[in-house]
Amino acid sequence: MSTRTLWVTGAGSGMGRASAVAAARAGWQVALSGRRREVLGEVAAQIEAHGGTALVVPLDVTDPEAVAAAAALIKQELGEVDAVVLSAGLNAKRRAWSDQDLTEFTAITGTNLLGPVAVIDAVLPAMRERRRGTVVLISSFAGWRTSPSAGVAYSATKTALGPLTEILNLQENHHGIRACHLCPGDVDSDFLE
């Protein structure tokens, strides 16, 4: 089998980091994206120390032009993307409707919903052409069960990933593309802090 390429957003910590390391150990070459270059470098060093291949691609998923540029760089350096793990996430400390801030709400929506859409848009044409691809959207328990403590914006955006995943499967499965909406509960990670 030829070398497979995985692109992970939110790869600097939590489930993104764990997914990247596990995939590299299973033989995937991994493109690591996130906002913090130095943390991505640590993940890359961990992967390379075990003989894996990692490419650091710093990225803010809320910038569609940067997403397109990142996709082009990954293709140039590692080849076409076979799978993506979309783990970049954002939440607010103030989570009640009564103390909500619209600027914060907009930032959460950009990261948790529009960011994954931008990455999917960047890789989908090549996946269609090659008739294969996997998309994993890291969501949350709040994505399928309302949890007031999760926050208004976070809950709304994570819930929206469910229909996005279903529509992706319904419209793209005949092109060999599959998508998964992963909804874990609380995980002991930097994000939870």
Side-chain angles (χ1 to χ4, degrees), residues 1-90 107 110-140 161 164-165 168 172 175-182 184 187 189-191:
M1 177 182 257
S2 62
T3 304
R4 299 168 296 170
T5 300
L6 172 67
W7 183 8
V8 181
T9 66
S13 63
M15 287 180 274
R17 181 181 189 136
S19 297
V21 170
R25 287 187 177 158
W28 290 72
Q29 53 186 9
V30 185
L32 307 167
S33 286
R35 294 180 181 166
R36 301 174 294 161
R37 179 184 291 273
E38 66 284 351
V39 177
L40 296 173
E42 293 170 11
V43 179
Q46 181 181 359
I47 288 170
E48 291 164 355
H50 288 92
T53 300
L55 174 67
V56 173
V57 185
L59 175 65
D60 179 346
V61 296
T62 67
D63 181 346
E65 290 178 6
V67 170
L73 176 64
I74 294 164
K75 179 180 178 180
Q76 176 185 325
E77 297 293 322
L78 301 177
E80 295 288 3
V81 172
D82 297 289
V84 291
V85 172
L86 304 170
S87 184
L90 185 64
T111 300
N112 296 357
L113 179 58
L114 300 178
V117 170
V119 174
I120 293 167
D121 278 355
V123 299
L124 200 54
M127 287 181 173
R128 273 190 204 117
E129 186 176 310
R130 293 165 55 229
R131 303 202 57 78
R132 71 174 188 270
T134 303
V135 176
V136 178
L137 293 120
I138 305 288
S139 185
S140 168
L161 293 178
L164 188 143
T165 304
L168 188 58
E172 300 295 339
H175 291 124
I177 298 161
R178 60 189 176 151
C180 173
H181 181 217
L182 184 63
V187 175
S189 68
D190 297 348
F191 187 81

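All values derive from a computational prediction rather than experimental measurement.
- Between Leu113 and Leu164 there is a side-chain heavy-atom pair separated by less than 4.5 Å.
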Assess whether side-chain contact (heavy atoms from CB on, under 4.5 Å) is satisfied between Leu168 and Leu124, documenting all intermediate values.
CA-CA 10 Å; Leu168 188 58; Leu124 200 54; 4.2 Å; yes
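- The CD atom of Glu42 lies 13.5 Å from the CZ atom of Arg37; values are rounded to the nearest 0.5 Å.
- Atoms CD1 and CG, on Ile138 and Leu161 in that order, are 10.5 Å from each other to the nearest 0.5 Å.
- Taking CG from Leu55 and CH2 from Trp7, the interatomic distance works out to 10.5 Å, rounded to the nearest 0.5 Å.
- Interatomic distance, CG of Leu86 versus CE of Met15, reported as 12.5 Å (0.5 Å rounding).
- Scanning all heavy atoms of the two residues, the minimum distance from Ser13 to Arg36 falls at OG-NH2, 3.7 Å.
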Ignoring hydrogens and angles, write down the donor-acceptor pairs under 3.5 Å from the side chains of residues 58-74, residues two or more places apart or on other chains.
| residue | atom | partner | partner atom | Å |
| --- | --- | --- | --- | --- |
| Asp60 | OD1 | Arg35 | NH2 | 3.4 |
| Asp60 | OD1 | Thr62 | N | 2.9 |
| Asp60 | OD1 | Thr62 | OG1 | 2.7 |
| Asp60 | OD2 | Thr62 | OG1 | 3.2 |
| Asp63 | OD1 | Glu65 | N | 3.1 |
| Asp63 | OD1 | Ala66 | N | 3.2 |

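- The nearest pair of heavy atoms linking Ala26 to Arg4 is O-NH2, 3.6 Å.
- Not a single donor-acceptor pair under 3.5 Å links the side chain of Thr165 to the backbone N or O of Ala179.
- Scanning all heavy atoms of the two residues, the minimum distance from Gly27 to Thr3 falls at O-CG2, 4.4 Å.
- In this structure, the separation between CG on Leu137 and CD1 on Ile120 is 4.5 Å, given to the nearest 0.5 Å.
- Using a 4.5 Å cut-off on side-chain heavy atoms (C-beta onward), Met127 and His175 make no contact.
- Between Val119 and Val135 there is no side-chain heavy-atom pair separated by less than 4.5 Å.
- Here side chain to side chain donor-acceptor pair (under 3.5 Å) pairs that include residues 76-85, with residues two or more places apart or in two chains, are Lys75-Glu80, Asp82-Arg130, Asp82-Arg132.
- Of all heavy-atom pairs spanning Leu6 and Ser19, the tightest one is CD2-O, 4.4 Å.
- The 12-atom threshold is exceeded at CZ of Arg128, counting heavy atoms of other residues, nucleotides or ligands nearer than 6.0 Å.
- Taking each heavy atom of Ala83 and Val81 in turn, the nearest pair found is O-CG1, 3.1 Å.
- For Ile47 against Ala24, the heavy-atom pair with the smallest separation is CG2-CB, 3.4 Å.
- For Thr5, the side chain to side chain donor-acceptor pair (under 3.5 Å) partners at least two apart in sequence or on another chain are Gln29.
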